[in-house]
Amino acid sequence: MPLELELCPGRWVGGSHPCFIIAEIGQNHQGDMDVAKRMIRMAKECGADCAKFQKSELEHKFNRRALERPYTSKHSWGKTYGEHKRHLEFSHAQYRELQKYAEEIGIFFTASGMDEMAVEFLDELNVPFFKVGSGDTNNFPYLEKAAKKGRPMVISSGMQSMDTMKQVYNIVKPINPNFCILQCTSAYPLLPEDVNLRVITEYQKAFPDIPIGYSGHETGIMVSVAAVALGAKVLERHVTLDKTWKGSDHQASLEPNELVELVKAVRLVEKALGSPVKQLLPCEMACNEKLGKSVVAKVRIPEGTTLTMDMLTVKVGEPKGYPPEGIASLIGRKVKVNIEEDETITEEAIENLSKKIKS
């Protein structure tokens, strides 16, 4: 049984707990606080468990030349990459305002700390858990420092190898056992052939004592629902209010109607996964009574006859009789009464036969 961990106060993940659904707002807010609040509310109203942003302290995430690089993309909010990123980056005060708003409407709030100083701020902000973006998963000093904060961690694995993820596990686990790993492919939008959901199963084998999840950048909801069916306990999807907005993440994001459908589908699949115990269920009793088959006499069988297989057949019988899966146990036994051709064979008609209950 995978480890269960309290990812947010009162909200556990892993085991039989419902999948934790993260609405990744990221920087799809366009640098606009009103849009950010609308997106938080949208995440709440659509049924997500958490609204998540991306926090950077830009001089700690990028070097000077990266920030000064010209940025002429159609998605650009400035002449340089630094100007672009500064337009999209909320201040500490704005993050506190967004956190307060999320608390007021009743949805968990956190962010990916995109550098070590951002993690320091998010720790000060008292977020319920740290999200480690794929770009920092092989940043082992960062991982170690984040783990030492003691908060639960959700670690994406885009761009990484299994060997790297084993190193991640071995670094984090001794320091902070409360973490999970998400299968992720870092492409926007992500093509189905590059999703590799089977990695979820491999992670479950390699790391059996932590929950495993999925962070998706594909279009639509089907792949994410399949991830939950494979056992993903945390599901992260980018969300947007409008896929046509400027920004490279919008195309790989879910609009509100899609997020609603995703949440509904995930909850339906969780119900459908049900129990691993195979048995006759109460809901099947009506069908079993109407169409369930019994052992029936193929010929007339006089009292005292020793049964052989050629005397028996299987049909829907009235009344219900001996279950067909037990037909071999009738062979060699004597009947206590006359049984007419095409009559149901009951337990009471057979000598020394313990009652066999179908289960």
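The chain is numbered in sequence order, starting from 1.
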- Message: Whether E270 and R267 form a salt bridge (side-chain N of Lys/Arg under 4.0 Å from carboxylate O of Asp/Glu) is what I want to check.
- Response: yes
- Task: For R333 and N352, indicate whether the former's side chain and the latter's backbone hold a donor-acceptor pair under 3.5 Å.
- Result: yes
- Does the pair R11 and V13 meet the rule for a side-chain contact (heavy atoms from CB on, under 4.5 Å), with working shown? CA-CA 7 Å; R11 182 61 163 88; V13 301; 4.0 Å; yes
- Task: Let me see the working for K55 and D115 under salt bridge (Lys or Arg N to Asp or Glu O under 4.0 Å), right down to the final yes or no.
- Result: CA-CA 8 Å; K55 183 71 186 89; D115 53 80; over 6 Å; no
- How would you list, by chain and number, every residue that makes a side-chain contact (heavy atoms from CB on, under 4.5 Å) with D310, sequence neighbours excluded? T308
- Task: Compute whether any side-chain donor of one residue and acceptor of the other, for T305 and K334, lie under 3.5 angstrom apart.
- Result: no
- Could you tell me whether the side chain of E255 and the main chain of K243 form a donor-acceptor pair under 3.5 Å? yes
- Without swapping roles, check the side chain of T80 against the backbone of E68 for a donor-acceptor pair under 3.5 Å. no
- Who pairs with E124 by side-chain hydrogen bond (donor to acceptor under 3.5 Å, both in side chains), at least two apart in sequence or on another chain? R96
- Do NZ/NE/NH1/NH2 and the carboxylate oxygens of K315 and D342 come within less than 4.0 Å? yes
- Task: Any chance you could lay out the side-chain contact (heavy atoms from CB on, under 4.5 Å) test for I21 and V263, step after step, and finish with the verdict?
- Result: CA-CA 8 Å; I21 300 175; V263 173; 4.0 Å; yes
- Partner of R237 under side-chain hydrogen bond (donor to acceptor under 3.5 Å, both in side chains), chosen from E218, E258, H217: E218
- Item | Pair Y95 and H92, ring centroids less than 6.0 Å apart | no
- Donor-acceptor pair between T185 and N196 side chains, under 3.5 angstrom: no
- Task: Going by the side-chain hydrogen bond (donor to acceptor under 3.5 Å, both in side chains) test, name the single residue among N126, N178, N176 that passes it with R151.
- Result: N126
- Message: Let's go through F129 and F108 carefully: what are the C-alpha distance in whole Å and the side-chain angles of both, what is the deciding distance for ring pair (Phe, Tyr, Trp, His ring centres under 6.0 Å) to 0.1 Å, and is it a yes or a no?
- Response: CA-CA 10 Å; F129 67 91; F108 294 116; 8.4 Å; no
- Query: Does a donor on one side chain and an acceptor on the other come within less than 3.5 Å for E116 and H60?
  - Reply: no
- Message: Which residue is it: R64, K85, R86? I am looking for the one with a salt bridge (Lys or Arg N to Asp or Glu O under 4.0 Å) to E59.
- Response: R86
- Item | Under 3.5 Å: donor-acceptor pair, side chain of K246, backbone of S76 | yes
- Qualifying residues under ring pair (Phe, Tyr, Trp, His ring centres under 6.0 Å), relative to H87, sequence neighbours excluded: W77
- Taking atom types as modelled, find out whether E24 and Q54 have a side-chain donor-acceptor pair closer than 3.5 angstrom. yes
- With a 4.5 Å limit on heavy-atom distance, are the side chains of P128 and P9 in contact? yes
- Quick check: does any side chain N or O of E261 sit under 3.5 Å from a backbone N or O of L259, one acting as donor and the other as acceptor? no
- Task: Test side-chain contact (heavy atoms from CB on, under 4.5 Å) on Y214 and V223 and set out the steps.
- Result: CA-CA 10 Å; Y214 174 68; V223 170; 3.7 Å; yes
- Query: Who are the ring pair (Phe, Tyr, Trp, His ring centres under 6.0 Å) partners of Y142, not counting sequence neighbours?
  - Reply: none
- Is a side-chain donor or acceptor of D49 paired with a backbone partner of I22 at a separation under 3.5 angstrom? no
- Say whether, by atom type as modelled, one donor and one acceptor occur between the side chain of N338 and the main chain of E303 under 3.5 angstrom. yes
- Between T164 and S161, a side-chain donor and acceptor under 3.5 Å: yes
- Step through the shown structure and confirm whether more than 12 heavy atoms of other residues, nucleotides or ligands are within 6.0 Å of CD on Q251. no
- Task: Apply the test side-chain contact (heavy atoms from CB on, under 4.5 Å) to residues V228 and L235: give CA-CA distance (whole Å), side-chain angles for both, the deciding distance (0.1 Å), then the verdict.
- Result: CA-CA 8 Å; V228 174; L235 175 62; 4.1 Å; yes
- Task: Check whether any side-chain N or O of Q94 sits under 3.5 Å from a backbone N or O of S91 as a donor-acceptor pair, and report yes or no.
- Result: yes
- Close side-chain approach of N28 and M39, heavy atoms under 4.5 Å: yes
- Under 3.5 Å, is there a donor-acceptor pair between the K131 and S156 side chains? yes
- Message: List the residues meeting side-chain contact (heavy atoms from CB on, under 4.5 Å) with K148, not counting sequence neighbours, and say none if there are none.
- Response: E144, I175
- Query: Atom NZ in K233, atom CG in L7: separation rounded to 0.5 Å?
  - Reply: 14.0 Å
- Message: Does atom NZ (K149) have a neighbourhood of more than 12 heavy atoms from anything else shown, all under 6.0 Å?
- Response: yes
- Item | D136 CG to K61 NZ distance, which is reported to the nearest 0.5 Å | 7.5 Å
- Compute whether any side-chain donor of one residue and acceptor of the other, for D242 and T244, lie under 3.5 angstrom apart. yes
- Take E351 and K336, measure what salt bridge (Lys or Arg N to Asp or Glu O under 4.0 Å) needs, and give me the verdict at the end. CA-CA 6 Å; E351 287 185 357; K336 298 189 287 187; over 6 Å; no
- Message: Ignoring hydrogens and geometry beyond distance, is a side-chain donor-acceptor pair present between H250 and T240 at under 3.5 Å?
- Response: yes
- Message: Could you check whether any side-chain N or O of K320 sits under 3.5 Å from a backbone N or O of T344, counting only pairs where one atom can act as donor and the other as acceptor?
- Response: no
- Item | CA sep, side-chain torsions, deciding dist, call: R41, D34, salt bridge (Lys or Arg N to Asp or Glu O under 4.0 Å) | CA-CA 11 Å; R41 179 168 288 280; D34 288 337; over 6 Å; no
- E83 side chain to K79 main-chain N or O, any donor-acceptor pair under 3.5 Å? yes
- Task: Under 4.5 Å between side-chain heavy atoms, chaining through other members, with only Ile, Leu, Val, Met, Phe, Trp and Tyr counted: pull out the rest of the cluster around L268, sorted by chain and number.
- Result: none
